[in-house]
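Here is the structure we will look at.
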Amino acid sequence: MDDKPIDKQDILKELDELHKLDHNYADGRILGSMCTEAHPFAKEVFCKFLDTNLGDPGLFRGTKQIENNVIKSIGELLSLDDAYGNIVTGGTEANLMAMRAARNHARKYKGISDGEIIIPESAHFSFKKAADMLNLKIVEAKIDENYKIDVESLRDAISDKTVAIVAIAGTTELGLIDPIEEISEIAFENNIYFHVDAAFGGFSIPFLRQAGYDLPVFDFSLDGVCSITVDPHKMGLAPIPAGGIIFRCEEYLDVMAVDSPYLTVKTQSTIVGTRLGASSAATYAIMKYFGREGYTKLAQNLMENTKFFAQNLKKLGYEIVCEPELNIVAFNHPDMDTNVLAQKLEDLGWKVSVAKCPVAIRVVLMNHIKKNHLEELLKDLEDIY
Ligand SMILES: *Cc1c(COP(=O)(O)O)cnc(C)c1O
């Protein structure tokens with residue numbers, strides 16, 4: 001740190017220089033991000049709530065009420081009238097909370113002290129962090145030829161140490177939805193905690209279903225589902241950080257509660273102590289501002305771009321890994337190594353993401369990728385091959 005204060009202008013100049021090294025969503029060249037530019041109104045509201053701290057909700061009663069309202073709204077979107085949960089920093093923290101709830105619940109009611117969680121091979125890496133932190137063992141369920149959980153493999157993976165089963169509604173790499181209804185029944189029959197990771201799909205599947213898309217049920221209308229992760233900072237257009245964890249009942253928060261002696265409330269169930277109220281306020285604002293209608297239009301629009309892109313890729317001789325269920329397209333060229341293709345695209349200024357399972361170029365069609373960007377990308381893909 002400098003000894004003497006530095007002039008604001010000089011500081012800003014230095015920061016701007018570095019900020020210029022960042023890529024801009026507005027350029028439409030970021031192809032693999034599940035985040036996008038937040039809506040301006042959400043950013044405006046976010047700034048107003050920068051000093052609020054939901055770690056001490058007695059001091060910020062209004063903001064706490066906002067968080068409760070957001071959780072209620074997201075819960076309703078997921079077919080749950082009385083939802084419990086929190087707006088957290090993202091999908092990672094939401095999944096960590098879910099696994100912690102499951103572990104503590106199984107410890108309290110089943111006496112399991114060395115638990116296992118069953119996750120698909122396609123699960124987000126946040127579960128590896130959660131398992132590490134919570135001292136849980138990961139048991140992987142296989143995925144089938146359609147890149148979804150193989151239900152039989154999942155059934156076989158259940159043991160008397162299983163504390164949670166995880167399925168995904170909108171996989172990170174391919175945007176696919178696991179057979180959640182079937183898995184919910186298995187979890188329910190076996191009395192095992194079932195968590196659905198809809199970090200990506202949670203803010204689009206309900207709206208697409210409403211608009212008539214043929215997508216499966218994935219939410220609390222299924223009896224076995226105990227918690228769902230939904231990220232407002234992905235498809236919800238809220239500023240980072242905004243993740244959501246929704247629990248079916250309060251008990252799941254209770255089993256995580258620790259005493260919080262010097263605060264205005266007696267216990268705390270979240271992992272983070274001092275935490276942003278701004279995320280809740282911004283998410284609240286953008287959900288009101290868009291309404292179901294706004295999100296439906298957004299989701300439909302992105303699906304149209306997805307279809308447009310996938311169809312044109314095929315015309316150019318590229319092969320798509322699977323028919324997209326959500327707004328992600330993964331593809332390869334039959335005659336070119338994927339990493340070579342990725343490098344060629346990088347050289348042309350595209351920020352490319354390569355999926356691992358299976359290896360493929362992965363484009364997440366977020367709101368910053370417009371039709372004209374897709375046309376440019378397709379032109380480059382035509383020239384490359
Ligand atoms: C993005 C994502 C996560 C992690 O969310 P972060 O906000 O990056 O922490 C978890 N699960 C799925 C399915 C995701 O797509």
Side-chain angles (χ1 to χ4, degrees), residues 25 30-38 42 74 78 85-100 102 117-134 138 140-141 143 147-149 164-180 183 194-206 215-216 218-219 225 227-246 270-272 275-276 279-280 282-283 299 302 324-330 353-357 362-367:
Y25 286 118
I30 300 179
L31 300 180
S33 176
M34 299 188 120
C35 290
T36 190
E37 192 169 349
I74 299 179
L78 304 173
N86 295 98
I87 293 298
V88 296
T89 54
T92 301
E93 191 187 341
N95 287 339
L96 178 57
M97 275 182 77
M99 293 304 97
R100 182 167 173 241
I117 56 173
I118 302 175
I119 66 171
E121 286 172 325
S122 52
H124 186 266
F125 55 80
S126 48
F127 290 100
K128 293 198 177 134
K129 298 181 188 174
D132 185 36
M133 283 187 260
L134 298 168
I138 289 180
E140 269 187 354
I143 49 177
Y147 307 103
K148 300 185 181 195
I149 295 185
I165 293 172
V166 175
I168 310 167
T171 56
T172 309
E173 295 205 318
L174 301 175
L176 297 176
I177 304 164
D178 282 324
I180 289 169
I183 299 168
F194 180 34
H195 174 66
V196 175
D197 183 359
F200 181 66
F203 260 95
S204 63
I205 301 168
L215 295 173
F218 74 105
D219 65 12
V225 175
S227 54
I228 303 183
T229 288
V230 188
D231 277 2
H233 72 199
K234 290 180 173 169
M235 292 293 288
L237 299 193
I240 299 168
I245 178 68
I246 311 290
T270 49
I271 291 160
V272 171
R275 62 190 181 93
L276 280 169
S279 302
S280 285
T283 303
L302 298 180
E325 291 185 348
L326 298 177
N327 48 321
I328 298 182
V329 179
S353 155
V354 178
K356 290 283 165 287
C357 184
R362 157 183 175 272
V363 176
V364 189
L365 288 107
M366 297 301 285
N367 197 37

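Order of appearance sets the numbers: ligands from 1, and atoms from 1 within every ligand.
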Would you give the length of the straight line joining atom CD1 of Ile74 to atom CD1 of Ile228, rounded to the nearest 0.5 angstrom?
-> 11.0 Å

Glu93 bridged to Arg275 by N-O distance under 4.0 Å = no

For the side chain of Glu37 and the backbone of Tyr25, is there at least one donor-acceptor N/O pair under 3.5 Å apart?
-> no

Distance, nearest 0.5 Å, that separates CD1 of Ile168 from NZ of Lys148 = 11.5 Å

CD1 (Ile183) and CD1 (Ile149) are apart, to the nearest 0.5 Å, by 3.5 Å

Output block, N or O contacts of ligand 1, threshold 3.5 Å exclusive:
from: ligand 1; atom 1: 5 (O); to: Gly91; atom 2: N; distance (Å): 3.2
from: ligand 1; atom 1: 5 (O); to: Asp231; atom 2: OD2; distance (Å): 3.4
from: ligand 1; atom 1: 5 (O); to: Lys234; atom 2: NZ; distance (Å): 3.4
from: ligand 1; atom 1: 7 (O); to: Gly91; atom 2: N; distance (Å): 2.9
from: ligand 1; atom 1: 7 (O); to: Asp231; atom 2: OD2; distance (Å): 3.0
from: ligand 1; atom 1: 7 (O); to: His233; atom 2: NE2; distance (Å): 2.8
from: ligand 1; atom 1: 9 (O); to: Gly91; atom 2: N; distance (Å): 3.3
from: ligand 1; atom 1: 9 (O); to: Thr92; atom 2: N; distance (Å): 2.8
from: ligand 1; atom 1: 9 (O); to: Thr92; atom 2: OG1; distance (Å): 2.6
from: ligand 1; atom 1: 11 (N); to: Asp197; atom 2: OD1; distance (Å): 3.3
from: ligand 1; atom 1: 11 (N); to: Asp197; atom 2: OD2; distance (Å): 2.6
from: ligand 1; atom 1: 15 (O); to: Thr172; atom 2: OG1; distance (Å): 3.1
from: ligand 1; atom 1: 15 (O); to: Lys234; atom 2: NZ; distance (Å): 3.0

Looking at His195, His124, Arg100, which hits side chain to side chain donor-acceptor pair (under 3.5 Å) with Asn95?
-> His195

